[in-house]
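Here's the structure we're looking at; comments come further down.
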There are 2 protein chains.
Amino acid sequence: MKDTITTQPTEALEKAPVRDHPTVAVDVVIFALRAKSPELDHPTDLDLQVLLIRRGTEPFKGMWAIPGGFVGLDESLEDAARRELAEETGVTDVWLEQLYTFGAPDRDPRTRVISVTYYALVSADLLDPHAGSDATEAAWHSMYNLPPLAFDHDAILDYALQRLRYKIEYSAVAFQLLPEEFTLRELQEVYMVILNDYELDKANFRKKLQREGNEVVEPTGRFRETGGRPAELYRFREDAKLEIKARRLFP
Amino acid sequence: MKDTITTQPTEALEKAPVRDHPTVAVDVVIFALRAKSPELDHPTDLDLQVLLIRRGTEPFKGMWAIPGGFVGLDESLEDAARRELAEETGVTDVWLEQLYTFGAPDRDPRTRVISVTYYALVSADLLDPHAGSDATEAAWHSMYNLPPLAFDHDAILDYALQRLRYKIEYSAVAFQLLPEEFTLRELQEVYMVILNDYELDKANFRKKLQREGNEVVEPTGRFRETGGRPAELYRFREDAKLEIKARRLFP
DNA sequence: ACAAAAGTGTTGAGAGTACACCCATGC
DNA sequence: GCATGGGTGTACTCTCAACACTTTTGT
C-alpha cells in the first residue's frame, strides 16, 4: 500500500482554523450485509454495503463520503472512531479495526488533513432503519455499485474491501456480520458475497468448518424454516481459535 | 490491535508549540539482519536488529527510542518516513510500509502527539558503519534483547515484529533483508531468525522455493565458498509472484 | 579418509476438490 | 409424488513434513 492514496475527512472543516500543523481526522468505513431489495426477509440475495453520508458543505457539496470527524484532544483514535460510528448507526460494541492512515498533502483543497481510517463490521439485525441522529442524510450503498465519492474516499473503500477480504480468509470476523444464530448456508453466503466468488462447494465448506482442531461453530438445536428441509441454526464457538496460520510462500 | 497501545515521537518536541490540536509525528522501525558478534564475515549466526537512537532531552532523557520526527506541512507521511530513514542510515530506495497509527491521549507527558509508524527493511550490506548524520547517538539492538525504551516504543516494536512475521510468510519481503545474491541457506536463515523457529527442514524449504508456479529465485551460476561444498548463489526473480493466497480458515 | 556443508529422493499422512448422493419439509 | 433446499460420502489429487541419502569441497 503506497501512501500516494489520499483521502479527506468529512464535514465541518470550516470549524478548524488554518494552522501550521496538520489536522487529524478519523473516518470510519461501516460495512454490513443487507438484502439487495428491501422486501425479502430471509436474506437470500445478500449484498455487501457501506454507510455513506451526503456532504452538505463545500468542497464536494452534495457528494457522498465516508462518515468521519475530528479527533478530540483527550480522545483516543479508537474512541473517536466509535463515537462517529455511534452517531451514524446508534450501534455500540461493534467490531472495529484500524485500517490505514492517509496523509498526502494535497488531498483537501482547504488545509492539510491527515485521516486515520477504521473499518467496522456491524450485524444487520442490530441496525435501526434510520438511526442517524444528525440531520445529515445517510444511506447504505452496495460496495459493488458505488456512487462518485468526495475527496479520495474511493481509494479508502478499495483498500477497506481488500483488507476485509484478506481478513475474512484467515480469521473469524465473518461472524461479526451475522446475527447470533445463523445457518451454515448463510455463513457460506457471507464468504461468497465478500469474496465475490460464487463457486464455493457446499460440502467442502461444511467439512472445513467441522474439521478436527478447527471447530468454530456449534449447533444450537434450533432450526430455521426454508423452502425445503429446515436448516439447523449454529452459533459461533467462543473458545474457537480465531486465526489460522498462513500458508507460507516459502518455509 | 487495540488502540490502547500508545507511543511517542522523538526529540525536539519543544519546538512544537502547545496547541488545541494533536501534533503528528512519524516514527520508523528500521530492521536489518546483522551478525551477533562483529567479527564474523560470512553470516553464520544472524540476528534480527533494529536501529535505535538515544534521547538527548527530557522526557526519557538517556533512554533509547525509535527514530522519528514531525511531518512537514507539504510532505506526505511516507516522504517524512523516508526522510527520517535517510537521516539515520544514509540509505534510500528501501522497502517501507506503514505499520499502525498510535494515538492514545496520554502517551506524551507534554502534549498530544499522534504517531504514524512505518517499518523498513534494509539490507545489511548497504549500511555504512556510522552513517547517522546527526550528532545523535544511534545503535543497533537485537530484537530479542531490547533495552528499556522511551514512551511506549516497546509496544511499537512488538507490533512491528508481529507484522513482519506475518508478512514474511505470505509475501517475498525477506529478500529486502539480503544482498542481491545469496545462498539458499542464507535465505533459510532469514526465515529462521525472524520466525524464531530453528526447525526448518532444508530439503522441504528448497522444494517449496522451486515448486511449479512459485519460482521466486533463480541460480546465478556463481558460488560462495563455505566450510564444505560451495553453495550456489541465487537471485530474486523480478517476475516472481509476490504474494500467495492465504490458507482459508473456512472456505 | 574424514569432516562439513550443499543438495536430492522417497514415502506416508493430511488437506483440498469435484461430484454424486441421501434426507426432511411444503405443496 | 415432486420440488426445494439441507446435509453427507467417496475418491482422486496435491501439499506437507520427516528423514535418509548423495555430492562436492577443504584438510
Side-chain angles (χ1 to χ4, degrees), chain A residues 40-46 169-170 178 181-192 195 197-235 241 244-251, chain B residues 40-46 169-170 181-192 195 197-234 241 244-251:
Chain A
L40 312 156
D41 57 356
H42 63 87
T44 311
D45 60 339
L46 281 178
E169 297 221 352
Y170 67 86
L178 285 175
E181 300 187 352
F182 47 85
T183 68
L184 296 188
R185 173 160 233 281
E186 288 166 0
L187 182 57
Q188 185 179 342
E189 285 195 348
V190 173
Y191 279 83
M192 295 196 298
L195 299 175
D197 166 333
Y198 282 83
E199 301 300 332
L200 284 184
D201 185 273
K202 183 177 42 158
N204 298 333
F205 182 80
R206 298 167 110 89
K207 247 174 292 181
K208 198 150 186 178
L209 277 177
Q210 276 134 15
R211 201 178 56 214
E212 175 73 44
N214 192 28
E215 297 104 345
V216 279
V217 294
E218 60 190 4
T220 64
R222 276 186 295 284
F223 290 82
R224 171 167 302 164
E225 283 160 24
T226 67
R229 172 173 169 178
E232 182 152 22
L233 289 167
Y234 286 75
R235 77 169 72 88
K241 105 177 161 199
I244 197 169
K245 203 150 181 46
R247 166 177 288 141
R248 294 180 178 179
L249 186 51
F250 9 75
Chain B
L40 312 156
D41 57 358
H42 63 87
T44 310
D45 60 340
L46 281 179
E169 297 220 354
Y170 68 85
E181 299 188 352
F182 48 85
T183 68
L184 295 188
R185 173 158 232 280
E186 288 165 0
L187 181 57
Q188 184 179 342
E189 284 195 347
V190 173
Y191 279 83
M192 294 195 299
L195 299 174
D197 165 332
Y198 282 83
E199 303 299 331
L200 283 185
D201 185 272
K202 181 177 43 157
N204 297 333
F205 182 81
R206 299 166 109 87
K207 249 173 291 183
K208 200 150 185 179
L209 278 177
Q210 276 134 14
R211 199 176 58 216
E212 176 72 44
N214 193 26
E215 298 104 344
V216 279
V217 294
E218 59 189 4
T220 64
R222 276 187 293 283
F223 290 83
R224 171 166 301 164
E225 283 160 23
T226 67
R229 171 174 170 177
E232 182 152 23
L233 290 167
Y234 286 75
K241 105 177 160 202
I244 198 169
K245 201 151 183 49
R247 165 179 289 142
R248 294 182 179 177
L249 186 51
F250 11 75

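Naming convention: chains lettered A, B, ... in sequence-line order (proteins, then strands); numbering from 1 in each chain.
In this structure, A:Arg206 atom CZ and D:dT8 atom C1' are separated by 9 Å, rounded to whole Å. Atom OH in A:Tyr234 sits roughly 12 Å away from atom P in D:dG6 (whole-Å rounding). The distance between atom CZ of B:Arg224 and atom P of D:dT25, rounded to the nearest whole Å, is 17 Å. For the pair B:Leu184 CG and D:dT23 P, the interatomic distance rounds to 19 Å; values are reported in whole Å. The interatomic distance linking A:Leu200 (CG) with C:dG16 (P) rounds to 13 Å, in whole Å. Atom pair B:Leu209:CG and C:dG7:C1' shows a separation of 13 Å (rounding to whole Å applied). One atom, CD of B:Glu189, and another, C1' of C:dA5, lie 12 Å apart when rounded to the nearest Å. One atom, CG of A:Asn204, and another, C1' of D:dT13, lie 13 Å apart when rounded to the nearest Å.
Side-chain N or O atoms of A:Glu186 include one that pairs as donor or acceptor with a backbone N or O of A:Thr183 at under 3.5 Å. With hydrogens and angles ignored, the 3.5 Å screen pairs no side-chain donor or acceptor of B:Gln188 with any backbone N or O of B:Phe205.
Looking at B:Phe182 and B:Leu233, their side chains never come closer than 4.5 Å, going by heavy atoms from C-beta outward. Considering only heavy atoms from C-beta on, A:Gln210 comes within 4.5 Å of A:Leu184 through its side chain.
The base of C:dT11 is not paired with the side chain of B:Lys207 by any donor and acceptor separated by under 3.5 Å.
One finds a side-chain N or O of B:Lys208 lying less than 4.0 angstrom from the OP1 or OP2 phosphate oxygen of D:dC16.
Proximity note for A:Glu232 (side chain, C-beta onward) versus C:dG7, D:dG7, C:dT17: the nearest is D:dG7.
To the nearest 0.5 Å, the span separating NZ on A:Lys202 from CZ on A:Arg206 amounts to 6.5 Å. Rounding to the nearest 0.5 angstrom, the gap separating the OG1 atom in B:Thr220 from the CD atom in B:Glu181 is 4.5 Å.
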Each nucleotide of nucleotides 20-27 of chain C classed B (base within 4.0 Å of a protein heavy atom), S (only sugar-phosphate) or -, in 5' to 3' order, makes ---BBB--

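Legend: residues meeting side-chain contact (heavy atoms from CB on, under 4.5 Å) with B:Pro219, ordered by chain and number and at least two apart, are B:Glu232, B:Tyr234.
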